[in-house]
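First comes the structure, then the notes that go with it.
This structure is a prediction, so every number in the text was calculated from the model and none was measured. Values below: all heavy atoms of this structure, side chains included; hydrogens, waters and symmetry mates excluded.
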Amino acid sequence: MTTLEIRNLAVKVGDKQILDDVSLKISSGEVHAVMGPNGAGKSTLSAALMGKPGYTITSGSVLLDGVDVLSMPTWQRAVAGLHLVMQYPTEVHGVRLHEAMSAALDSRKQDTDDLGGQILSEARRINFPADLVDRALNVDFSGGEKKRNETVQLAVLRPKIAILDELDSGLDIDALRDCAQRIEDATREMNLGVLVITHYSRLFEQLKPDSVHILTNGRIVKSAGPELAAQLEVTGYAAFNG
Ligand code: ADP
Ligand code: MG
């Protein structure tokens with residue numbers, strides 16, 4: 001059982017205060033959705049959790065099983081069990097999926113004996129074409145192919161807590177269904193905890209949130225059960241401007 005605890009987090013980019021007093025607690029097997037309009041600070045939250053350069057933590061803490069992650073470099077946060085699926089996955093020229101996964105598993109001191117087989121079986125499971133597995137990471141992939149590729153990585157690396165920044169942006173309905181279903185399965189099969197960031201509730205058809213938190217203007221203004229997402233579909237975010 002793993003817990004990621006975000007306590008009273010405040011984050012600045014340059015001179016601009018973007019997040020203020022954000023607190024969330026995500027445990028193994030749970031799905032927490034953070035929903036908010038454009039510019040609310042959703043991607044800033046994912047960047048701060050993974051240690052993206054340029055994001056300054058002005059107060060608060062982030063603990064993974066009681067251990068401070070904010071003092072760790074990004075790669076150590078990943079080894080500790082945090083995994084980010086970025087809104088816009090990076091193209092990495094000259095590096096293939098197998099090489100990237102092999103390096104990541106080595107740093108976790110996990111064996112890579114059956115890595116090729118594992119990648120192929122995960123690719124098949126979410127309809128990611130086998131010929132794309134051998135190309136450079138995400139290079140010239142469509143939006144849907146990139147998110148399928150990222151989902152294969154998540155399934156192979158088996159993190160403790162996954163942060164999904166707009167998994168639903170830039171991909172078609174079939175790709176969204178396959179990726180969201182794979183992650184929902186991971187919450188049961190490997191007890192993955194999930195922080196899913198999105199504008200829309202359509203990905204909740206597969207990936208079922210236990211809690212929904214509304215982020216506007218850098219603050220969490222309301223937290224409730226999945227019924228809150230349904231309410232948002234009716235009222236929009238305007239009703240929650242805090
Ligand atoms: P969301 O993901 O909810 O759409 P972001 O976290 O991307 O929102 O952005 C929140 C606010 O912070 C926006 O006003 C955005 O312009 C600003 N912001 C984010 N990153 C940077 C940056 N690197 N430099 C300047 N402003 C930024
Ligand atoms: Mg964003």
Side-chain angles (χ1 to χ4, degrees), residues 1-9 11 19 22-36 41-52 60-72 74-87 89 101 104-105 107-108 110 122 125-126 147 150-168 176 178-198 201 203-215 220 222-229:
M1 167 82 168
T2 293
T3 300
L4 177 70
E5 194 170 0
I6 303 166
R7 287 188 191 154
N8 311 107
L9 192 68
V11 179
L19 293 181
V22 170
S23 295
L24 286 171
K25 194 170 161 187
I26 299 134
S27 293
S28 297
E30 295 178 354
V31 177
H32 287 256
V34 169
M35 304 186 71
K42 304 185 300 297
S43 293
T44 301
L45 176 62
S46 66
L49 292 175
M50 287 313 288
K52 187 173 176 184
S61 59
V62 179
L63 305 171
L64 186 64
D65 288 333
V67 177
D68 168 37
V69 300
L70 295 179
S71 60
M72 296 178 187
T74 297
W75 70 269
Q76 260 176 15
R77 300 183 196 202
V79 169
L82 291 183
H83 183 100
L84 171 64
V85 175
M86 287 180 282
Q87 181 168 2
M101 294 299 92
L105 290 170
S107 66
R108 290 158 171 73
Q110 289 174 21
E122 284 297 342
R125 187 162 169 181
I126 58 160
K147 296 285 169 100
E150 297 289 313
T151 304
V152 169
Q153 293 172 44
L154 185 150
V156 168
L157 293 178
R158 306 173 68 89
K160 293 174 179 160
I161 304 282
I163 303 152
L164 314 173
D165 190 5
E166 299 206 25
L167 182 71
D168 44 1
L176 177 59
D178 291 343
C179 293
Q181 185 63 54
R182 180 65 189 91
I183 294 163
E184 169 68 19
D185 291 349
T187 65
R188 282 178 276 110
E189 292 170 13
M190 43 187 166
N191 219 13
L192 179 71
V194 179
L195 174 61
V196 51
I197 292 170
T198 185
S201 53
L203 92 166
F204 302 157
E205 283 173 30
Q206 280 80 31
L207 182 59
K208 305 284 184 200
D210 299 289
S211 303
V212 174
H213 312 272
I214 298 180
L215 183 77
I220 292 187
K222 189 168 175 75
S223 295
E227 70 283 354
L228 183 55

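Of all the heavy atoms in R125 and E189, the pair that sits closest is NH2-OE2, 2.9 Å. Residues A80 and K160 share a closest heavy-atom pair of O-NZ, 3.6 Å. The minimum heavy-atom distance linking V85 with L154 is given by the pair CG2-CD1, 3.9 Å. The minimum heavy-atom distance linking L64 with G81 is given by the pair CD2-N, 4.4 Å. Nearest heavy atoms, H32 versus H213: ND1-NE2, 3.0 Å. Closest approach of A48 and V11 over heavy atoms only: CB-CG2, 3.8 Å.
From L45, atom CG reaches atom CE of M50 across 12.0 Å, with rounding to the nearest 0.5 Å. The CD1 atom of I214 sits 10.0 Å away from atom CD1 of I220, with the distance rounded to the nearest 0.5 Å. Here L82 contributes atom CG and S46 contributes atom OG; the two are 11.5 Å apart, rounded to the nearest 0.5 Å. Distance OG1/T3 to CG/D65: 6.0 Å, rounded to 0.5 Å. The distance from the NZ atom of K42 to the CG atom of L215 is 7.5 Å, given to the nearest 0.5 Å. From N191, atom CG reaches atom OG of S27 across 9.5 Å, with rounding to the nearest 0.5 Å.
Here the side chains of L192 and P159 are in contact, with some heavy-atom distance below 4.5 Å. Side chains of L164 and L203 form no contact here, defined as non-hydrogen atoms less than 4.5 Å apart. With a 4.5 Å cut-off on side-chain heavy atoms, R7 and E5 count as touching. Side-chain contact between L167 and T198 is absent, with no heavy atoms from C-beta onward closer than 4.5 Å. Under the 4.5 Å side-chain criterion, counting only non-hydrogen atoms from C-beta, L24 is not in contact with L9. In this structure the side chain of L70 reaches within 4.5 angstrom of the side chain of R77, judged on heavy atoms. Side-chain contact between L157 and M101 is present, with heavy atoms from C-beta onward closer than 4.5 Å. Within the 4.5 Å cutoff, the side chain of V156 has no heavy atoms near those of the Q153 side chain.
The salt bridge (Lys or Arg N to Asp or Glu O under 4.0 Å) search around E122 returns R182, not counting sequence neighbours.
The local environment of CZ in R158 is sparse, with at most 12 non-hydrogen atoms from other residues, nucleotides or ligands closer than 6.0 Å.
I183 pairs with exactly one of D178, I126, V194 by the side-chain contact (heavy atoms from CB on, under 4.5 Å) rule, that one being V194. When each of L195, L207, I26 is tested with V31 by the rule side-chain contact (heavy atoms from CB on, under 4.5 Å), just one qualifies, namely L207.
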Might you work through the side-chain contact (heavy atoms from CB on, under 4.5 Å) test for D68 and L63, ending with a clear yes or no? CA-CA 5 Å; D68 168 37; L63 305 171; 4.2 Å; yes
Determine, step by step, whether V67 and M72 satisfy the side-chain contact (heavy atoms from CB on, under 4.5 Å) criterion, reporting the C-alpha distance in whole Å, the side-chain angles of both residues, the deciding distance to 0.1 Å, and the verdict. CA-CA 10 Å; V67 177; M72 296 178 187; 3.8 Å; yes
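A distance-only check finds a donor-acceptor pair linking the side chain of S28 to the backbone of T2 [under 3.5 Å].
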